[in-house]
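One structure is given here, and the rest of the page talks about it.
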There are 2 protein chains.
Amino acid sequence: MKKTLKEKLEVLKQKGHFLTSSRLMVLDYLLESKSHPTADEIYSALKKKLPSLSKATVYNTLKLFTELGVAREIKVEREKSRFEARTDPHVHFTCVKCKAVFDIEKQIVKFPKSVENHKVMFGDVFLYGICESCQRKGNS
Amino acid sequence: MKKTLKEKLEVLKQKGHFLTSSRLMVLDYLLESKSHPTADEIYSALKKKLPSLSKATVYNTLKLFTELGVAREIKVEREKSRFEARTDPHVHFTCVKCKAVFDIEKQIVKFPKSVENHKVMFGDVFLYGICESCQRKGNS
DNA sequence: ATTAGTGCAAACTATTTGCAATAAG
DNA sequence: CTTATTGCAAATAGTTTGCACTAAT
């Protein structure tokens, strides 16, 4: 279910949404980034290239992408959301020291279709600990 | 690792914290409740019994409990935290319709000690879907 | 030309903080 | 008595919203 830039743009078009430069830039930024950026990080990074960009537009864009399934919102910290362009199911590891979020390729769970009479549609697995880099720094 | 009220109060005492009526009430409320209440829900419920209670105290108390491992903060919605007195590992199921959060007793994952060179300390599994009650209501 | 999208500022929500008053030990 | 805890109000952080302006189609 990994989609390319072109495929994701196709989703926008087909649903009748305009291909604006903010949308292109946010989508491109998400696809390039592995760091699961926050709305504010995306805004700050893109503001340099597109000085007219406003934070509201970043939020609007991320909301649209999330609704269309073009991006995903990750709730590893309560205070702020992080976003990623990957929409295929995968585990996230968050470092409790440096707060970095990593994608884990190894599939460690297979979700059941139902549990205790509730119908399961999707699920998230969040692991927390000390990342490789912080372990090396003795930052534990 | 399921602890009783008395055991949890013991943790407070041993760390030199006062046993105030707000703390007793919040702890008692959490132990009685299966609904994973938000800070505001706890505040509203207890305000009736203890009219002098302030929201800041509820937040202070929940923060202290979380730090001491007496309660747990659950981040199923980004906007607000939910809390529970259970601190043993277990899966949470959230209904996307009614937003109710259920504890799942069945253990569906066993976390590895490390993944891709990161040291795993703990983890969360969140399942989302339609709960039994909403399915019956045809609320899907 | 239309109307969706943008930018700005103001509004909103959940949570935190500073400080004087209060109560647990 | 002493100092942790409380209650209040103000502050903060992230996100949303209303509205006039702009730009994609």
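Naming convention: chains lettered A, B, ... in sequence-line order (proteins, then strands); numbering from 1 in each chain. Just so you know, these numbers use all the heavy atoms, side chains as well, and skip hydrogens, waters and symmetry mates.
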Note to self: Let's see if you can work this out: which of dG7(D), dT25(D), dT5(D) has an atom nearest to the side-chain heavy atoms of Ser52(B)?
What the structure shows: dG7(D)
Margin query: Can you tell me which nucleotide in dC8(C), dT6(C), dT15(C) comes closest to the side chain of Thr57(A)?
Written below: dT6(C)
Next item on the list: Let me see the working for Lys6(A) and Glu10(A) under salt bridge (Lys or Arg N to Asp or Glu O under 4.0 Å), right down to the final yes or no.
Entry: CA-CA 6 Å; Lys6(A) 283 189 182 173; Glu10(A) 214 27 61; over 6 Å; no
Margin query: Among dG7(D), dT15(D), dC8(C), which nucleotide has an atom closest to any side-chain atom of Lys80(A)?
Written below: dT15(D)
Checklist line | DNA chain C: 5'-proximal contact among Arg82(B) and Thr20(B) (nearest heavy atom) | finding: Arg82(B)
Next item on the list: Between Ser21(B) and Thr61(A), just flag the one whose closest nucleotide in DNA chain C comes earlier from the 5' side.
Entry: Thr61(A)
Check: Which one of Thr87(B), Val11(B), Val70(B), Asn60(B) satisfies the side-chain contact (heavy atoms from CB on, under 4.5 Å) criterion with Phe65(B)?
Finding: Val70(B)
Next item on the list: For Leu50(A) and dT22(D), give me the distance from atom CG to atom P, rounded to whole Å.
Entry: 15 Å
Margin query: From CG of Leu46(B) over to P of dG7(D), roughly how many Å is that when rounded to an integer?
Written below: 11 Å
Check: Met25(B) CE to dT5(D) C1': how many Å, rounded?
Finding: 16 Å
Next item on the list: Using a cut-off of strictly less than 4.0 Å, decide whether Arg78(B) has a side-chain nitrogen or oxygen near OP1 or OP2 of dG14(D).
Entry: no
Next item on the list: Could you tell me which non-hydrogen atom of Cys131(A) sits nearest to which non-hydrogen atom of Phe102(A), and how far apart they are?
Entry: CB-CE1, 3.5 Å
Next item on the list: Determine, for Asp124(B) against Arg72(B), whether the closest basic-nitrogen to carboxylate-oxygen distance falls under 4.0 angstrom.
Entry: yes
Notebook entry, point to check: Counting side-chain heavy atoms from CB outward, which of dC8(D), dT16(C), dT15(C) is closest to Ala56(B)?
Noted result: dC8(D)
Margin query: Under 4.0 Å, counting only non-hydrogen atoms across every strand here, what does Thr38(A) touch: a base, just sugar-phosphate, or nothing?
Written below: nothing
Next item on the list: May I ask you to evaluate whether His17(B) reaches the phosphate of dT5(D), defined as a side-chain N or O under 4.0 Å from OP1 or OP2?
Entry: yes
Note to self: Please pick, from dT15(C), dG14(D), dC8(C), the nucleotide with the shortest atom-to-atom distance to any side-chain atom of Ser81(B).
What the structure shows: dT15(C)
Checklist line | d(NZ, Lys63(A); P, dA4(C)) in whole Å | finding: 17 Å
Notebook entry, point to check: Of the nucleotides dT6(C), dT15(D), dT5(D), which one has an atom closest to the side chain of Phe18(B)?
Noted result: dT5(D)
Checklist line | Rounded interatomic separation in angstrom, taking CZ from Arg23(A) and C1' from dT22(D) | finding: 14 Å
Next item on the list: Counting heavy atoms from C-beta on, name the nucleotide in dT6(D), dT6(C), dG14(D) closest to the side chain of Tyr59(A).
Entry: dG14(D)
Note to self: Tell me the interatomic distance from Phe83(B), atom CZ, to dA14(C), atom P, rounded to whole angstroms.
What the structure shows: 13 Å
Notebook entry, point to check: In whole angstrom, what separates Lys47(A)'s NZ from dT6(C)'s P?
Noted result: 14 Å
Margin query: Just to verify, which of Arg86(B), Glu41(B), Glu84(B), Arg82(B) counts as forming a side-chain hydrogen bond (donor to acceptor under 3.5 Å, both in side chains) with His36(B)?
Written below: Glu84(B)
Next item on the list: Check the distance between dT6(C)'s P and Tyr43(A)'s OH and give it to me in whole angstrom.
Entry: 14 Å
